[in-house]
> 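Take this structure, written in structure tokens, and hold onto it; I'll ask about it next.
Just the heavy atoms: all of them, side chains too, but no hydrogens, waters or symmetry mates, feed the values below.
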Amino acid sequence: MEQGLNSDSNAPSGPIDKSKVYAVKPLRSLVPIFPDPPGMCSISTPNPTPFVCVPPSGPFPAGVQPFYPFMVSNDSQPTTTKNQSGNTGFDSSIPAPVPLNAFRTPTPHVNGDAQNQSGQFASGFSVPVPDADNASNSGKRTRGQFDDGRRANSDKDTAATVLLVYDLIRRRLTQLEEARSNTSGGFRRPDLKATNLMMTKGVRTNNSKRIGHVPGIDVGDIFFFRMELCLVGLHTPSMAGIDYMSVKVTVNEEPVAVSIVSSGGYDDDDGDDTNVLIYSGQGGVQRRDGQMFDQKLERGNLALEKSLHRGNDVRVARGIKDTINAPSKIYVYDGLYKIDESWTEKNKSGCNVFKYKLIRQPGQPEAYSLWKSIQQWRDGTAARPALIIPDLTSGAETQPVALVNDIDGEKGPAPFSYVASLKYSQPFQSSKLFSGCHCVGGCQPGDISCPCIHKNEGLLPYSSTGVLLTTKPLIHECGQTCQSPPNCRNRISQAGVKFRLEVFKTKNQGWGLRSWDPIRSGSFICEYAGDIVKVTAGDFEDANDDSYIFDAGRYYEPLERVHNSNSSMKAPFPLVISAKNSGNVSRFMNHSCSPNVFWQPILRESNNGVCLHIAFFAIRHIPPMQELMYDYGIPAKADRGKKKCLCGSMKCRGHFY
DNA sequence: GATCATTCAATATG
DNA sequence: CCATATTGAATGAT
């Protein structure tokens, strides 16, 4: 292969059999998977029912009959109470799952059209993403459907897919909207617009309200938009803090709370005990002028009151300020709580406010409490347990990287020299060099005179907050020849690590990498630093003795997120990096067959050529302390150096290289 | 079923 | 950093 830069390097590397790329998966079992908190029953039968049995665990106050508010379906399926008889009355005639191939992925749109993308997924549905000219919708493309089974009850894969599609559309709309509003003004919210698309196409899950956990969502999962909670059925109102549903008790119906979002909006005091939450009722504020009056025992307030008396579980999502992206909020699913007591208080304006004391149910994984611990490690009020070195980079990164081991006695990985970035002694030759930009104040979206935007096919690849917006095979960042400042948004991968990372000993995969900070999907995490390995065309072999190799020439399963790319992620020319002797945090990232991190080639022009870098971005929102992993891919010669994969995912290929 | 009111959003800006 | 204005979507209530 020639080393010259092909100016058409963005084009797919060759014709691809699309039926293979978008191969329809085998019919997924639609058995809902439920966590098993103490005292809970979960249904996991080969014949799944749309009902979820969530009996509250006693004891109950005298005179209160426990009842079992089964999921109330919007499709007017019968509700029932378990104490009527042993037979729960479940309707076993579930709708037959629609074969996925009924919704075959449409043929991709005219190739190379940067303005047209649609969210196409291997599992057989697509959501059209609006283009620049017609931001409301685009009616041309065929659309499949998200089948009823997935809409009714989620599983991990379904929930992840819904969130992925949402994110994809939202980021794309953000990119278009930033460019548009910079010239025409009036920023319209991409998060809402994306939700609307998802809703109208029916791409959502757990779409009927239910009490208790929601399948496919784990305690500790994080969300960056209220709409995400809505789309996965965790909390349906787009703004309101209390979600409730009406449940039939013998002949009458009464409201019961299903979930709350605690965002600190009603100046509740945030006590030290993370298992206790004091929550204010809703209402009492005139939204227009901020005028206040007494809250009434209606809607959500009434529902919480009923849940208190019934002893029902309430899901709790905690809203926390995003320290990295200041004004926005992160929502942590903190699991199930029970309401312990309620009372009314006078607020500052002298109006009555309902108060509810909620207590977290025991036996659930750490979630909000973990955030609090991390906060203490950070501000020094508590020591990070099992800490070996506070900063293994010795200051080479802008953020310290802790080294910890709470598994065994090993004191650290084999020594290596820490380098924060990939250094080029000699850039790649390029026949075609553009001149750099003159964006002294940083590249701005919608600036048609900016050459960097042109190189990126008309739109800046990053948002104002530094989140990757495109799904392109190659990103052109500002380089040496550009006049943009180091903090230009088109230099995201050059600005260094923004998250507080730590290297830790895993249970069975040696050392690994994780983050104290929550990571928003699309965020830049780090680049692959190390020594460039000389490759003479075709004769490079993955060295068996070097497990710190990054080879951009490996084959990678196309991620669903690269919906518009019918080729696997590929660098424009061969690049092999060894981090054995020198490297950065990237060398500790382990392999997973269902990764939460992906890599992306990035090109920067220098005075006498181009430099290719490998940058890692988050595929989805990553909660704190969840291991960061990417797919190592398959080398051209996949016969040597095979290792057993322990990633444990449903899609595990069994081994990696 | 259409319309309205309610709601611990999310941004941009001063 | 906070306050304010602006634009808004889902859902239950009417």
Side-chain angles (χ1 to χ4, degrees), chain A residues 72 74 135-136 166 169-171 173-174 177-178 180-182 184-200 202-204 206-209 223-247 253-270 277-293 295-296 298-304 314-323 325-332 334 347 353-356 358 444-445 463-465 467 520:
Chain A
V72 175
N74 289 340
S136 62
Y166 175 72
I169 295 175
R170 189 186 52 74
R171 274 146 65 178
L173 290 172
T174 302
E177 187 58 18
E178 280 190 341
R180 190 202 59 78
S181 67
N182 236 21
S184 327
F187 191 84
R188 303 201 194 103
R189 292 179 47 183
D191 59 321
L192 299 183
K193 200 173 280 182
T195 305
N196 193 254
L197 263 171
M198 299 286 284
M199 290 283 179
T200 54
V203 184
R204 58 187 304 188
N206 298 318
N207 67 346
S208 322
K209 294 187 181 185
F223 305 87
F224 284 73
F225 293 90
R226 279 289 296 264
M227 290 309 197
E228 294 175 332
L229 303 178
C230 182
L231 289 167
V232 297
L234 207 52
H235 186 87
T236 40
S238 52
M239 296 177 81
I242 306 169
D243 195 6
Y244 56 97
M245 66 190 217
S246 107
V247 170
E253 296 216 331
E254 70 177 48
V256 184
V258 294
S259 59
I260 59 171
V261 174
S262 163
S263 296
Y266 281 83
D267 49 63
D268 302 315
D269 60 328
D270 192 11
L277 171 64
I278 308 295
Y279 191 79
S280 300
Q282 63 187 186
V285 187
Q286 191 76 254
R287 241 194 126 69
R288 293 288 251 284
D289 47 20
Q291 207 172 42
M292 304 203 75
F293 46 91
Q295 288 187 348
K296 297 188 192 114
E298 58 183 21
R299 306 166 191 276
N301 301 342
L302 181 60
L304 284 173
V314 178
R315 293 189 297 271
V316 169
R318 301 256 197 172
I320 300 168
K321 271 186 202 148
D322 184 352
T323 50
N325 183 16
S328 79
K329 232 171 255 173
I330 305 173
Y331 301 94
V332 184
D334 201 33
N347 67 7
V353 176
F354 286 96
K355 292 280 182 176
Y356 301 89
L358 292 99
Q444 297 302 324
S463 79
S464 57
T465 54
V467 170
R520 189 190 282 250

> Could you tell me whether the phosphate oxygens of B:dA10, OP1 or OP2, come under 4.0 Å of any side-chain nitrogen or oxygen in A:Tyr331?
yes
> Is there a Watson-Crick or G-U wobble partner for B:dC8 with both distances under 3.5 Å, and which nucleotide is it?
none
> In Å and rounded to the nearest 0.5 Å, what is the CG to CE distance from A:Leu231 to A:Met199?
4.5 Å
> Give a yes/no on whether any side-chain N or O of A:Ser181 is located under 4.0 angstrom from OP1 or OP2 of B:dA12.
no
> Nearest whole Å is fine: how far is C:dA10 C1' from A:Met198 CE?
15 Å
> Choose from C:dG8, C:dA10, B:dA10 the nucleotide whose nearest atom is closest to any side-chain atom of A:Asp191.
B:dA10
> Taking for each residue the nucleotide of DNA chain B bearing the nearest heavy atom, is the 5' side occupied by A:Ile242 or by A:Asn325?
A:Ile242
> Calculate the interatomic distance between A:Met239 atom CE and B:dA9 atom P; express it in whole Å.
7 Å
> Between C:dT7 and B:dT7, how far apart are the two P atoms, rounded to whole Å?
22 Å
> When the nearest nucleotide of DNA chain C is assigned to A:Thr236 and to A:Arg188 on a heavy-atom basis, which residue is associated with the more 5' position?
A:Arg188
> Given side chains that start at C-beta, do those of A:Met245 and A:Pro255 come closer than 4.5 Å, heavy atoms only?
no
> Could you state the atom-to-atom distance from CG of A:Leu302 to C1' of C:dA13 in whole Å?
14 Å
> Could you say whether A:Pro237 or A:Lys321 is positioned toward the 5' end of DNA chain C, judged by the nucleotide with the nearest heavy atom to each?
A:Lys321
> Could you state the CD-P distance from A:Gln282 to C:dA13, rounded to the nearest angstrom?
10 Å
> Check every strand shown and say whether A:Arg204 touches a base, only sugar-phosphate, or nothing at a heavy-atom separation below 4.0 Å.
sugar-phosphate
> What nucleotide among C:dA13, C:dG8, B:dT11 has an atom nearest to a side-chain atom of A:Arg299?
C:dA13
> In terms of side-chain heavy atoms of A:Ser238, which of C:dA10, C:dT11, C:dG12 is nearest?
C:dA10
> The side chain of A:Ser328 lies closest to which of these nucleotides: C:dA9, B:dT11, B:dC8?
B:dT11
> Heavy atoms, side chains only, cut-off 4.5 Å: are A:Tyr244 and A:Leu304 in contact?
no
> Round to a whole Å and report the spacing from CZ of A:Phe354 to P of B:dT7.
13 Å
> Whole-Å distance between B:dA9 P and A:Phe224 CZ?
16 Å
> Side-chain donor or acceptor of A:Arg189 under 3.5 Å from a matching atom on the base of B:dA9?
yes
> Output yes if the stacking criterion (under 5.5 Å between centres, under 30° between planes) is met for A:Phe187 over the base of C:dT7, else no.
no
> Which one is paired to C:dG8, where only Watson-Crick or G-U wobble pairs with both distances under 3.5 angstrom count?
none
> Give the nucleotide from the list C:dA9, C:dA13, B:dT11 with an atom nearest to the side chain of A:Tyr244.
C:dA13
> May I have the distance from A:Leu197 (atom CG) to C:dA10 (atom P), rounded to whole angstrom?
10 Å
> Nearest 0.5 Å, please: how far is OG in A:Ser328 from CZ in A:Phe225?
7.0 Å
> Please report the distance, rounded to the nearest Å, between CD in A:Glu228 and P in C:dA10.
15 Å
> Return no unless some side-chain N or O of A:Lys209 is found under 4.0 Å from OP1 or OP2 of C:dG12.
yes
> Given A:Tyr356, which partner from the list A:Asn301, A:Ile242, A:Val314, A:Ile260 fulfils the side chain to side chain contact (heavy atoms under 4.5 Å, CB included) test?
A:Asn301
> If you find the nucleotide of DNA chain B closest to A:Arg170 and the one closest to A:Glu298, which residue's nucleotide is nearer the 5' end?
A:Glu298
> Is the shortest side-chain heavy-atom distance between A:Asp243 and A:Val261 below 4.5 Å?
no
